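Below: the structure, in structure tokens.
The figures here come from the full heavy-atom set of this structure, side chains too, leaving out hydrogens, waters and symmetry mates. Quick note on labels: first sequence line is chain A, next is B, and so on, each numbered from 1. Just so you know, these numbers come straight off a predicted model, no measurement behind them.
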Amino acid sequence: MASNPRIIVVGGGLAGLSAAIKIAEIGGEVDLFSIVPVKRSHSVCAQGGINAAKNLKGEGDSTWQHFDDSVFGGDFLANQPPVKDMCEAAPGIIDLLDRMGVPFNRTPEGLLDFRRFGGTLYNRTAFAGATTGQQLLYALDEQVRRHESEGKVKKYEHWEFLSGVIDSKGICRGICAMDLHSMQVVTFPADAVIICTGGVGAIFGKSTNSVVCTGSAQSALYQQGAYYANGEFIQVHPTCIPGDDKLRLMSESARGEGGRVWVPKKPGDKRDPKSVPENERYYFLEERYPKYGNLVPRDIATREIHKVVYEDGLGIDGGPMVYLDLTHIDRKVLDRKLEGILEIYEKFVGDDPRDIPMKIFPGVHYTMGGMWVDYKQATNIPGLYAVGECDYQYHGANRLGANSLLSCIWGGFVAGPAAVQYARSQPTAASNGAFDAERKRQDEANAMLINNQGDENPFKIWRELGDIMTRNCTVIRYNKNLQETDVKLVELLERFRRVNLSDKTLWANSTFAFARQLYNMLQLARVIVQGAALRNESRGSHYKPDFPERDDKNFLKTTKASFAPDADEPRFEFEPVDTSLIPPRARKY
Amino acid sequence: MANKSILLKIKRQSDPQHAAIWEEFEIPYRPNMNVISVLMEIALNPVTRQGKPTTPIFYDSNCLEEVCGSCAMRINGRTRMACSALVDQLEQPIVLEPFSKFPVVRDLAVDRSVLFENLKAVKAWVPIDGTYDLGSGPRMLPEEQEAAYPLSRCISCCCCMEACPQFNQSTGFVGAATISQVRLFNTHPTGKALKSERLHALMGDGGIHECGYAQNCVEVCPKDIPLTRSIAEVGGAVMKQAFADLFHR
Ligand SMILES: Cc1cc2nc3c(=O)[nH]c(=O)nc-3n(C[C@H](O)[C@H](O)[C@H](O)COP(=O)(O)OP(=O)(O)OC[C@H]3O[C@@H](n4cnc5c(N)ncnc54)[C@H](O)[C@@H]3O)c2cc1C
Ligand code: SF4
Ligand code: SF4
Ligand code: FES
């Protein structure tokens with residue numbers, strides 16, 4: 001029994017850092033692995049805020065109301081007890097972050113200020129300027145640095161998790177990881193392992209996610225026997241700035257202030273948008289939804305934009321983009337109300353949205369599904385935990401804005417102590433060859449990949465993966481297209497075997513690391529696609545025109561995928577959802 | 001902008017032991033590209049302008065929206081972030097080089113861990129008692145929040161250090177970013193408990209007195225952090241501390 005257990009935490013976003021802090025605080029030792037230096041994790045991108053029912057605005061808000069909004073927003077697919085625990089812990093978490101020095105916005109009296117977010121009637125969202133995620137991550141990063149300087153945390157940055165070390169009894173004993181500079185593969189023993197590797201946006205090519213959000217680690221563990229749950233639930237945000245390299249979020253407030261969405265009526269119209277006359281513009285949201293116009297709810301806006309581009313073929317220049325036009329609004333009004341977000345557009349597109357209509361498109365934004373975990377964040381593999389965007393626990397079929405940062409921190413606070421307690425209750429394991437075997441398996445896979453003499457470029461395969469996943473498996477889903485996509489995925493997996501790396505050196509080889517991730521993305525994509533095909537209903541982010549209603553009788557269930565190594569594909573089973581606290585009701589706003 | 005292609009000159013170094021070489025690239029022009037999307041395009045077809053097959057460029061990146069601090073490099077001689085460097089606004093050929101004052105890992109990626117070490121040395125954190133629920137934090141007026149927030153936006157990109165004439169091997173100067181973090185934590189109601197420790201860490205070799213007020217740092221900082229103001233304030237506090245130390249020996 002280890003009284004000072006050694007716990008490996010993989011990932012240094014909000015989830016990983018909060019787990020690390022708890023472990024260090026209760027006497028454990030942490031080895032913290034991350035592809036990027038932890039301070040550069042994707043969590044820095046979050047802008048809007050973090051939810052907690054502090055009820056500081058005299059609205060009668062309560063943690064129960066927060067719980068109800070979250071379960072309802074998630075279309076009843078989340079198991080309810082952990083969501084309730086999270087909402088109850090939220091006010092204390094905000095206080096803690098405040099004590100750590102997060103510069104939350106303040107009221108004139110010096111108290112925390114709260115704003116309103118989607119899916120609730122209460123001012124429940126604490127925020128720090130326009131970069132809340134950055135500020136929260138930094139606060140946790142600073143506390144981890146403090147523990148690091150006291151020797152309780154050891155960081156392995158620029159290291160990539162490749163796989164778990166799982167012994168003959170099926171227990172997780174450590175990890176196998178690769179130094180992304182020396183490209184060396186090394187195994188590390190641990191009394192427990194916590195995976196905090198974030199979302200899977202890269203499976204869809206471009207998304208609002210950061211570069212390293214590939215889901216590679218989750219996929220590797222799924223292929224080693226961990227369950228992956230509700231993979232088909234992917235949140236798409238209606239208004240993103242399509243970039244050549246990524247999609248950047250454009251806040252809903254642009255439409256709130258009168259922004260109009262349109263496309264030229266003529267397909268492939270090459271004219272400058274300003275020279276397209278009014279009567280040749282198709283204001284499709286206003287025409288299709290005369291009552292709400294451009295302010296239809298997020299999921300509807302997303303679906304209509306998607307339809308106009310993919311079904312009506314009316315995207316700008318034939319590409320996946322529509323105009324979000326503010327140019328009819330007075331400059332001074334725009335500057336006063338929207339300056340911050342317009343600056344983002346200016347900085348990355350180089351056009352002034354006060355003069356030129358913005359080009360926007362829905363973008364893959366958040367991964368609701370993830371590694372299956374129990375209420376202590378433990379996966380089905382003993383000794384292996386998962387937390388943060390990479391788990392499936394808190395958001396059901398649709399995540400509410402500002403609930404994710406909360407679930408990451410709360411999940412870490414649950415998993416850290418749970419892993420320590422597990423480790424303390426375990427007899428010390430005799431080394432049984434599992435480490436050597438796993439390292440050998442990875443070394444062999446690496447050697448094969450690097451020496452391969454085929455004709456395929458991994459970046460091109462990735463582009464095709466992203467294109468077909470975005471087209472068929474995001475906003476609108478038809479079974480026929482999903483089946484086609486799965487066929488394509490099998491083809492891409494086949495072609496992956498013929499990958500020929502343009503870089504075969506053994507120092508800081510990003511092409512090589514990427515190719516490894518790509519393989520895992522392809523495997524996980526099949527879980528997403530097949531899960532979507534099986535779920536013949538519409539719920540939360542998952543929408544099938546052929547099955548437009550929610551079907552609680554057949555599908556109020558968690559989808560659980562497990563990997564069948566012989567067939568090289570997923571198997572599915574369904575688990576009932578714990579709805580013991582709030583009876584399901586129709587989701588209508 | 002009638003360019004049909006984009007010309008680049010990139011300084012490459014296969015590893016820390018080898019000497020650097022230059023390679024030229026010509027890639028098809030598309031509107032709205034930035035330096036990172038150009039580098040992605042090269043990875044898709046890694047061939048030099050002369051038609052010689054080569055390897056994709058190695059560089060650091062993650063968020064692609066100028067908030068993670070990964071992608072700092074020298075672009076046309078200027079220290080800046082690659083993800084927010086728009087091709088349409090750059091003169092061609094676009095010249096890309098790694099930072100010159102940090103050890104090169106490969107190509108455009110350098111080792112900037114010195115900043116994280118410096119942050120450790122100045123104890124850039126708020127010393128809380130623990131993460132248990134201990135009630136609300138200290139009250140803070142909106143003005144105090146508005147002063148702290150800009151300082152807290154530092155993305156640790158190290159641009160300010162690369163551009164600083166005093167930041168080099170021989171001075172061992174900590175650089176503007178760390179000094180500015182000292183200001184941030186020394187003004188926090190709880191953070192100031194460690195104030196004198198932080199100030200002491202900025203005395204001596206490589207400390208704040210190395211700064212020559214050249215102001216290059218503030219000009220290159222992508223987050224417009226008021227660095228010279230931080231340096232002046234912390235410099236004053238260090239002097240006061242040193243003076244006080246004389247009488248408390
Ligand atoms: C633009 C944008 C805005 C958002 N705004 C909000 C908001 O306002 N409110 C809100 O609540 N949520 C928001 N979200 C969602 C939220 O930011 C994320 O869900 C959350 O930050 C995820 O944190 P995480 O700790 O799970 O993972 P991440 O922060 O993604 O961190 C993942 C970590 O894992 C590491 N990693 C990954 N793979 C490996 C591997 N194989 N080996 C080693 N390390 C690995 C990475 O290096 C990184 O350290 C937003 C998301 C986006 C994209
Ligand atoms: S003011 Fe000048 S010398 Fe001082 S840190 Fe900035 S760049 Fe360096
Ligand atoms: S102070 Fe500015 S330039 Fe220096 S590291 Fe921070 S963000 Fe970068
Ligand atoms: S990639 Fe994050 S700052 Fe450029």
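- Only the backbone of B:Ala124 comes within contact range of chain A, with heavy atoms under 4.5 Å apart.
- Looking at B:Leu184, neither its backbone nor its side chain comes within 4.5 Å of chain A, counting heavy atoms on both sides.
- The pair A:Asp503-B:Arg106 meets the salt-bridge criterion, with a side-chain N (NZ, NE, NH1 or NH2) lying under 4.0 Å from an Asp/Glu carboxylate O.
- For a residue to count as touching a neighbouring chain, one of its non-hydrogen atoms must lie under 4.5 Å from one of that chain's; by this rule A:Ser18 does not touch chain B.
- Contacts between A:Ile26 and chain B at a heavy-atom distance below 4.5 Å involve the side chain alone, from C-beta outward.
- When heavy atoms are compared at a cutoff of 4.5 Å, B:Phe185 approaches chain A solely by way of its side chain, counted from C-beta outward.
- A:Asp113 contributes no side-chain N or O that, together with a main-chain N or O of A:Phe127, makes up a donor-acceptor pair within less than 3.5 Å.
- A:Thr505 touches chain B through its side chain: at least one heavy atom from C-beta onward sits under 4.5 Å away, while N, CA, C and O do not.
- Interface residue A:Gln47: only side-chain heavy atoms are found under 4.5 Å from chain B.
- Inspection of non-hydrogen atoms places B:Trp125, B:Val126, B:Pro127, B:Ile128, B:Asp129, B:Gly130, B:Thr131, B:Tyr132, B:Asp133, B:Leu134, B:Gly135 of residues 125-135 of chain B under 4.5 Å from chain A.
- Side-chain atoms of A:Arg106 and B:Leu141, non-hydrogen and from C-beta on, never get closer than 4.5 Å to each other.
- Salt-bridge formation is detected for the pair B:Lys120/B:Glu117: a Lys NZ or Arg NE/NH1/NH2 atom is positioned less than 4.0 Å from an Asp or Glu carboxylate oxygen.
- Put simply, of B:Ala148, B:Ser152, B:Gly191, the one with the most heavy-atom pairs under 4.5 Å next to chain A is B:Ser152.
- Contact check on A:Glu109 versus B:Arg139 returns a salt bridge, with a Lys/Arg side-chain nitrogen under 4.0 Å from an Asp/Glu carboxylate oxygen.
- Contact annotation for A:Phe104: only backbone heavy atoms (N, CA, C, O) come within less than 4.5 Å of a heavy atom of chain B.
- Within the 4.5 angstrom heavy-atom criterion, no atom of B:Pro150 approaches chain A.
- When the candidates B:Asn45, B:Asn62, B:Thr55, B:Ile36 are compared by the number of heavy-atom contacts under 4.5 Å with chain A, B:Asn62 comes out ahead.
- Proximity to chain B (any heavy atom under 4.5 Å) is shown, for A:Asn105, by both the backbone and the side chain.
- Looking at B:Ser113, neither its backbone nor its side chain comes within 4.5 Å of chain A, counting heavy atoms on both sides.
- Proximity to chain A (any heavy atom under 4.5 Å) is restricted, for B:Asn34, to the side chain, taken from C-beta onward.
- Contacts between B:Pro46 and chain A at a heavy-atom distance below 4.5 Å involve the side chain alone, from C-beta outward.
- Counting heavy-atom pairs closer than 4.5 Å to chain A, the top residue among B:Cys154, B:Ala85, B:Pro53 is B:Cys154.
- Salt bridge status for A:Glu142 with A:Arg146: absent, with no side-chain N to carboxylate O gap under 4.0 Å.
- Using a cut-off of 4.0 Å between Lys/Arg side-chain N and Asp/Glu carboxylate O, B:Asp60 and B:Arg112 are scored as salt-bridged.
- Ranked by heavy-atom pairs under 4.5 Å with chain A, the list B:Ser14, B:Cys63, B:Cys83, B:Pro189 is led by B:Cys63.
- The line from CD of A:Gln134 to CZ of B:Arg153 is 6.5 Å long, rounded to the nearest 0.5 Å.
- Taking OG of A:Ser34 as the reference point, atom CG of A:Leu17 lies at 8.5 Å (rounded to 0.5 Å).
- The pair A:Asp141-A:Arg145 meets the salt-bridge criterion, since a charged nitrogen lies less than 4.0 angstrom from a carboxylate oxygen.
- Contact of B:Glu66 with chain A is made through backbone and side chain together, with heavy-atom distances under 4.5 Å.
- A:Thr131 touches chain B through backbone and side chain together, each having a heavy atom under 4.5 Å away.
- Residue contact with chain B, scored on non-hydrogen atoms closer than 4.5 Å, involves the side chain of A:Tyr138 exclusively.
- With a threshold of 4.5 angstrom between heavy atoms, A:Val36 approaches chain B through side-chain atoms but not through N, CA, C or O.
- Contacts between B:Leu64 and chain A at a heavy-atom distance below 4.5 Å involve backbone atoms as well as side-chain atoms.
- Heavy atoms of A:Thr107 lying under 4.5 Å from chain B belong exclusively to its backbone.
- Looking at B:Met40, only its side chain comes within 4.5 Å of chain A, counting heavy atoms on both sides.
- No cation-pi contact links A:Lys504 to A:Phe512, judged by a cut-off of 6.0 Å to the six-membered ring centre and 45° from its axis.
- Between B:Cys160 atom SG and B:Lys223 atom NZ the span is 13.5 Å, to the nearest 0.5 Å.
- Between chain A and the options B:Glu143, B:Met33, B:Glu146, heavy-atom pairs under 4.5 Å are most frequent for B:Met33.
- Proximity to chain B (any heavy atom under 4.5 Å) is restricted, for A:Pro37, to the side chain, taken from C-beta onward.
- Between chain A and the options B:Thr190, B:Asp107, B:Ile57, B:Leu119, heavy-atom pairs under 4.5 Å are most frequent for B:Leu119.
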